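What follows is a set of notes on a single structure, which appears directly below.
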Amino acid sequence: MNTPDPNLTPSPDDPLDQLLRHAAWPEPSDELVARLESQWRTRVQADHTRRRRKRLAGAVLAASVLVAAALSVYVSGRVGNEQRLIIQEDRAPVENVTQSGPRAEESVLPSGPLRQQIARPADEDTGTQVAADAESRPARLHEQVIFRVLEQRRPSRDTMSERDTLLEEAIAALSDNPKAEVNDILRPLLNERLSYEERLLRHLPQSSMERRLVQIRLLERLGSARSVPALEALSRHPQLHAPAIEALCALADPITLGRLVTMEQSTVLRQRVLAALLGRNDLQATAIYLNFVRRPETKPAALYVLKVAPNPPVDALFHLLDSPDYAQRMAAAVALGRLENPAVVERLIAMVRHDVKRQEALVALLNNSGEDATRFVGLARHNQLLIAAVRSAEVQARFAIP
Amino acid sequence: MGRPEPDADLDRLVQEHLPSTIRFAIRLTGNVEAAEELVQEALLRVSRGWTGFRGEARFRTWLFRIVINAFHDRRTEPRRIDQLPPDLADVRGANPADGILYDELNRLMAARVSALPPRQREVLILMTYEQMTPRQVSELLEISEANVYATLHLARQRLRQELAPYLVEK
């Protein structure tokens, strides 16, 4: 019969769950809640006002453009229509028409009482009058409005989506100043990572090399597992290899990271990827990392990275002391032993005392050069209950992981 | 829940979930001041990113995701020092639970939870104090359910080891 794992299944009888239930954090004061509510309302009001003003400004601008377009169309259309009407009605030859200039037309102005209304003001020096072209059909009113609006429309912030604009601004900021603080530049984009990631991936294929470098940096912060295939492809390009590897360190799953370690030629980048594996701080990534502790050719690099890791996966390593794979248990023990961490040594000593994975704990202590571990192992060698275990651990420490 | 109307509904939802969000932030950060800053940052992102809320997730889940993202982005959290706190006695000594007051133990417990590695902390708090299921936690944190279970296991195992002297069977 399977007993439930006490570390997965809460139980009212479990002392840990009793403590967890009564854990007491400081309560937020009423002033704090009121302060945050007030800040929120102020921000909402400000956003609301800004959006309303923006809508109003947009509406006023659109209305102005339409009115101006309609007026100009109306005026020019009215003149054209009257000319056509007059020419159709009165086909009598025009008297005293002087034609000169490059734009003079062959058609003539009709005579009659309307002639003065439609004739353009004469050039007093030359006496030239320009006649309207009566042959082409003037555009209808709605067509004229559309043409005028299209002519006057300018590419503006409104024609691009706001997201595209923000993204372009971020790319431009990083291009201008590659050493700028990326977090500050990315702040406006952080709420909609998926959307920006999609845009970046879409634009990557047609971007220049310099632009790709910036896009990769942005993907490193905004991207997800979806970006991994594209980044792997980019990493094959010599100029993009290092930044793509950096981004993959942040985004790739542990199996991919393990593959990258195996394929990586550069010592520095290999260590970087190993560090990324360690930094995941989960069982799968740690187990994959331990494969590199087990191999003689990668063991030194793997242990070096562990030594300088700011936050090594201590819990995962302790958990893997219980692995069904003997080599993995030994690799975990070696890794734990190499950590210069008093709390880890404390735990290992407790495990030896209480006979919890005693062999593995001793292997770990034998790999530790600290004073506490050395003293304890020395005492253990002279302890009748522990001497056999220590000797066995010494053999395993020497041969299990070469 | 379908996508609510902006402004008025957003305001109502934020007001409704603000107290629980603040408590969640206090558990994550371990202190009120940091929690206040975290919630401020989160609310700023809510007001800017409202259009990104698609409505298929509960508002609380979406809001908590923003809080967790802001928590990760702050990077002002002091590096976790992997040592036993001085107020926990030596496990090899006499019964260390003698003399500790009940309230102190409850506060100590809270401090240890807030001092867990970030991912373990998030999973434990969401499942133990926010009553989320593993599936909900996996969706919120964008990790697999198996990872949720493994992380919870590690968190509880760690607490069990660190607080061994205080885990007295009743």
Side-chain angles (χ1 to χ4, degrees), chain A residues 5-8 10 13-29 32-33 35-37 39-41 43-44 46-48 51 183 186-188 190-195 224 281-284 310-316 318-319 339 341-344 346-347 349-350 353, chain B residues 7 10-11 14-15 18-19 22-23 26-27 30-32 35-36 39-40 43-45 47-49 52 66 69 73 75 79-80 82-84 91-92 103 105-107 109-110 113-114 117 119-120 124 128 142 147 149-161 163 166-170:
Chain A
D5 184 343
N7 281 332
L8 284 180
D13 298 325
D14 187 339
L16 177 64
D17 286 299
Q18 290 164 8
L19 281 180
L20 281 171
R21 217 170 20 250
H22 294 105
W25 281 269
E27 276 292 312
S29 63
L32 166 63
V33 177
R35 192 162 55 240
L36 286 169
E37 278 179 2
Q39 286 170 3
W40 166 253
R41 276 198 213 100
R43 186 168 298 120
V44 165
D47 284 348
H48 180 69
R51 280 201 300 273
N183 285 339
L186 287 179
R187 199 175 292 274
L190 288 173
N191 280 334
E192 298 175 33
R193 283 185 152 112
L194 287 180
S195 170
S224 66
N281 225 311
D282 67 32
L283 276 175
Q284 186 190 27
N311 194 16
V314 172
D315 290 328
F318 270 104
H319 186 84
L339 289 172
N341 188 320
V344 170
E346 182 102 1
R347 257 164 102 169
I349 289 174
R353 283 177 181 271
Chain B
D7 291 347
L10 171 63
D11 190 42
V14 168
Q15 303 273 5
L18 190 58
I22 296 171
R23 287 195 181 86
I26 290 174
R27 291 187 185 117
N31 75 79
V32 177
E36 182 175 358
V39 172
Q40 278 176 351
L43 291 180
L44 179 64
R45 295 185 187 194
S47 70
R48 286 181 182 167
I66 290 178
N69 285 342
D73 292 336
R75 300 190 185 188
R79 222 174 67 186
R80 186 178 187 281
D82 195 13
Q83 292 190 5
L84 294 173
V91 295
R92 291 167 289 186
D103 286 347
L105 182 59
N106 291 341
R107 283 195 291 275
M109 188 68 202
V113 170
S114 294
R119 186 43 54 100
Q120 291 180 22
L124 185 74
T128 307
E142 295 174 338
N147 208 339
Y149 282 115
T151 306
L152 177 67
H153 174 93
L154 288 175
R156 289 173 63 93
Q157 184 187 55
R158 184 186 194 108
L159 289 173
R160 210 181 283 283
Q161 287 169 351
L163 295 162
Y166 304 100
L167 297 180
V168 177
E169 292 273 357
K170 290 191 180 171

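What you are looking at is a predicted structure, and each value in this text was computed from that prediction instead of being measured. Naming convention: chains lettered A, B, ... in sequence-line order (proteins, then strands); numbering from 1 in each chain.
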Checklist entry - Given that the side chain runs from C-beta out, which part of B/Leu18 has a heavy atom under 4.5 Å from chain A: side chain, backbone, both or neither? => result side chain
Checklist entry - Based on non-hydrogen pairs under 4.5 Å, which of A/Val33, A/Leu36, A/Leu283 is most in contact with chain B? => result A/Leu36
Item to check | B/Arg45 portion near chain A, given a 4.5 angstrom heavy-atom threshold | outcome: both
Item to check | Nearest-0.5 Å distance, OG1 of residue B/Thr151 to CG of residue B/Leu124 | outcome: 10.5 Å
Checklist entry - In terms of heavy-atom pairs under 4.5 Å with chain A, which of B/Ile22, B/Leu159, B/Ile26, B/Val39 leads? => result B/Ile26
Checklist entry - When you check the gap from the basic side-chain N to the acidic O, do B/Arg160 and A/Asp17 get nearer than 4.0 Å? => result no
Checklist entry - Do the charged groups of A/Asp315 and A/Arg347 touch, with an N to O distance under 4.0 Å? => result yes
Next on the checklist: Between A/Gln39 and chain B, with a heavy-atom cut-off of 4.5 Å, which part of the residue counts as in contact: side chain, backbone, both or neither?
Outcome noted: side chain
Next on the checklist: With a 4.5 angstrom heavy-atom cut-off, is it the side chain or the backbone of B/Glu142 that approaches chain A, or both, or neither?
Outcome noted: neither
Checklist entry - Quick one: CZ on B/Arg158 to CZ on A/Phe318, what's the gap to the nearest 0.5 Å? => result 9.5 Å
Next on the checklist: Can you give me the closest heavy-atom contact between A/Trp25 and B/Ser114, atom names plus distance?
Outcome noted: NE1-OG, 2.8 Å
